[in-house]
Amino acid sequence: MEPIVITGASRGIGAQSAILAAKQGYAVCVNYLRSAAAANRVVEVIRTEGGEAFAFQADCRDEEAVRAMFDAVVARYGAVTALVNNAGILGGRARLADLDIGALRSVVDTNLVGTIICAREAVRRMSRLRGGKGGAIVNVSSVAARHGGPGGGIHYAATKGAVDVFTTGLAKEVMPEGIRVNAVSPGVTLTDMTPPAQVQQAVASVPIGRAADPIEIAQAILWLISPAASYVVGANLLVAGGRV
């Protein structure tokens with residue numbers, strides 16, 4: 001049973017990815033920041049269905065906490081072979097002229113710095129040059145990186161654009177070490193990150209005519225992690241209902 005770390009897995013896309021990963025035979029580390037109850041519910045669902053999982057609280061912005069999380073996974077399940085970098089925040093909605101610098105720093109630290117820290121710890125354990133077995137990393141980006149998030153979300157979109165560039169560079173850097181790195185860019189998705197009114201407004205620009213269910217994003221993530229995507233490296237898979 002191969003271990004997988006999924007950050008921000010107590011809700012939304014992360015929770016569905018954790019449940020699907022367990023169904024596909026992975027032992028799942030359900031990472032969360034604040035909601036222990038929600039994370040434990042995900043673990044309960046997985047165990048009820050015969051899977052293996054445990055919850056681990058770690059702030060992905062904190063390198064010591066992230067290191068401790070990966071060490072706990074190794075101690076429990078053995079060599080880490082998969083990471084889904086899903087943890088992220090919107091950082092509030094504000095036009096640039098009204099943007100609070102504290103909010104900006106928070107979204108950059110969570111969406112970009114946290115992603116890089118988690119990827120670094122995964123690479124340290126997966127790399128065949130360091131005695132690892134290789135593995136796969138999927139970074140969860142956003143279609144916002146393509147359209148820029150004007151009208152209140154450009155700071156969020158900017159961090160996701162940086163995640164896209166990071167994915168491209170890391171994929172080239174670590175593929176010789178046996179690690180595949182890719183990204184998934186969801187479009188409008190039904191999660192509690194986005195208020196319902198905002199979702200409805202955004203759906204008007206989605207050719208398929210609806211928002212995604214989180215499981216539809218999770219399926220793309222788990223495909224990229226799986227051996228079925230063995231020749232996919234440095235890709236950014238749009239799962240956005242035609243919104244580009």
query = With sequence neighbours excluded, what pairs up with Glu121 under the side chain to side chain contact (heavy atoms under 4.5 Å, CB included) test?
reply = Val66, Arg67, Phe70, Arg124, Arg125

task = Identify, with sequence neighbours excluded, every residue that meets salt bridge (charged side-chain N to carboxylate O under 4.0 Å, His left out) alongside Arg95.
result = none

query = Rounded to the nearest 0.5 Å, how far apart are CG of Asn85 and OG1 of Thr115?
reply = 4.5 Å

message = Apply side-chain contact (heavy atoms from CB on, under 4.5 Å) to residues Thr159 and Val163 and explain how you reach the verdict.
response = CA-CA 6 Å; Thr159 64; Val163 167; 5.6 Å; no

query = Quick one: side-chain hydrogen bond (donor to acceptor under 3.5 Å, both in side chains) partners of Thr110, sequence neighbours excluded?
reply = none

task = Using modelled atom types only, decide if a donor and an acceptor are shared between the side chain of Asn40 and the backbone of Ala36 within a distance under 3.5 Å.
result = yes

inquiry  = Show, in sequence, the C-alpha distance, side-chain angles and deciding distance for Gln57 and Leu33, and conclude whether the side-chain contact (heavy atoms from CB on, under 4.5 Å) test is met.
reply    = CA-CA 5 Å; Gln57 192 279 332; Leu33 177 58; 3.9 Å; yes

ask   = Any donor-acceptor pair under 3.5 Å linking the side chain of Arg76 with the backbone of Phe54?
value = no

task = Would you indicate whether the side-chain heavy atoms of Gln24 and Ile225 approach each other to under 4.5 Å?
result = no

query = Is there a chain of hydrophobic side chains (I, L, V, M, F, W, Y, each step under 4.5 Å between heavy atoms) that links Val239 to Val140?
reply = yes

request  = Output all residues satisfying side-chain hydrogen bond (donor to acceptor under 3.5 Å, both in side chains) with Arg61, sequence neighbours left out; order by chain, then residue number.
outcome  = Asp59

key: Path from Val5 to Val28 over hydrophobic side-chain contacts below 4.5 Å   = no

ask   = Do Thr189 and Pro214 come within less than 4.5 Å of each other through their side chains, counting heavy atoms only?
value = yes

request  = Return the minimal non-hydrogen interatomic distance between Val30 and Val43, and the atom names on each side.
outcome  = CG2-CG2, 3.9 Å

message = Is there a side-chain contact (heavy atoms from CB on, under 4.5 Å) between Cys118 and Leu83? Walk through the geometry before answering.
response = CA-CA 8 Å; Cys118 290; Leu83 165 68; 4.2 Å; yes

task = Specify the closest pair of heavy atoms between Val42 and Ala15, including all atoms of both residues, with the distance to one decimal.
result = CG2-CB, 3.8 Å

Partners passing salt bridge (charged side-chain N to carboxylate O under 4.0 Å, His left out) against Arg47 (at least two apart in sequence or in another chain) = none

remark   = Sorted by chain and residue number, the side chain to side chain contact (heavy atoms under 4.5 Å, CB included) partners of Ser185 (sequence neighbours excluded) come out as Ser141, Asp164, Asn236, Leu238

inquiry  = For Lys133, give me all partners under salt bridge (charged side-chain N to carboxylate O under 4.0 Å, His left out), at least two apart in sequence or on another chain.
reply    = Glu2

query = Would you say Leu170 and Ile6 are hydrophobically clustered, going by side-chain heavy atoms of ILVMFWY under 4.5 Å?
reply = no

inquiry  = Just by distance, no angles: are the side chains of Asn139 and Thr167 close enough, under 3.5 Å, to form a donor-acceptor pair?
reply    = yes

task = Kindly compute the distance separating NE2 (His155) from CG (Leu104), expressed to the nearest 0.5 Å.
result = 7.0 Å

task = Could you pull out all residues at least two apart from Ala240 that satisfy side chain to side chain contact (heavy atoms under 4.5 Å, CB included)?
result = Val143, Arg243

key: Cluster check Ile101, Val107: I/L/V/M/F/W/Y, side chain < 4.5 angstrom   = yes

Gap separating the CZ atom of Arg11 from the OH atom of Tyr32, nearest 0.5 angstrom = 14.5 Å

request  = Indicate the atoms forming the closest heavy-atom contact of Cys60 with Asn31, along with that distance.
outcome  = SG-OD1, 3.8 Å

request  = Group every Ile, Leu, Val, Met, Phe, Trp and Tyr by side-chain heavy-atom contacts under 4.5 Å, then state whether Ile46 and Ile4 land in the same group.
outcome  = yes

note = Residue set satisfying side chain to side chain contact (heavy atoms under 4.5 Å, CB included) with Ala218, at least two apart, ordered chain then number -> Gln16, Ser17, Leu20, Ile215

key: Over all atoms of both residues, closest heavy-atom pair of Ser226 and Tyr26   = CA-OH, 4.3 Å

query = Does a side-chain heavy-atom distance below 4.5 Å link Ile221 with Ile13?
reply = yes

request  = Working to the nearest 0.5 Å, report the span between CD1 of Ile217 and OG1 of Thr191.
outcome  = 10.0 Å

Residue pairs passing the side-chain hydrogen bond (donor to acceptor under 3.5 Å, both in side chains) test where at least one lies in residues 206-223, sequence neighbours excluded = Arg210-Glu216

task = Please report the shortest heavy-atom distance between Ala72 and Phe56, naming the atom on each side.
result = CB-CE1, 3.6 Å

Side-chain heavy atoms of Met69 within contact of Cys29, under 4.5 Å = yes

request  = Show your working on side-chain contact (heavy atoms from CB on, under 4.5 Å) between Ile137 and Met126 and close with a plain yes or no.
outcome  = CA-CA 10 Å; Ile137 297 171; Met126 294 178 185; 4.2 Å; yes

key: For Val199, the rest of its hydrophobic cluster, which grows through side-chain links under 4.5 angstrom   = Val188, Leu190, Val203, Val206, Ile208

inquiry  = Just so I know, are the side chains of Ile19 and Glu49 near enough to count as touching, which here means a heavy-atom distance under 4.5 Å?
reply    = yes

task = Considering non-hydrogen atoms only, spot the tightest contact between Val232 and Arg180 and give its length.
result = O-NH1, 3.1 Å

query = Rounded to the nearest 0.5 Å, how far does OG1 of Thr48 lie from CZ of Arg41?
reply = 13.0 Å

query = Atom CD1 of Ile116 and atom CG of Asn111: how far apart are they, to the nearest 0.5 Å?
reply = 11.0 Å

Partner set under side-chain hydrogen bond (donor to acceptor under 3.5 Å, both in side chains) for Glu63, not counting sequence neighbours = Arg120

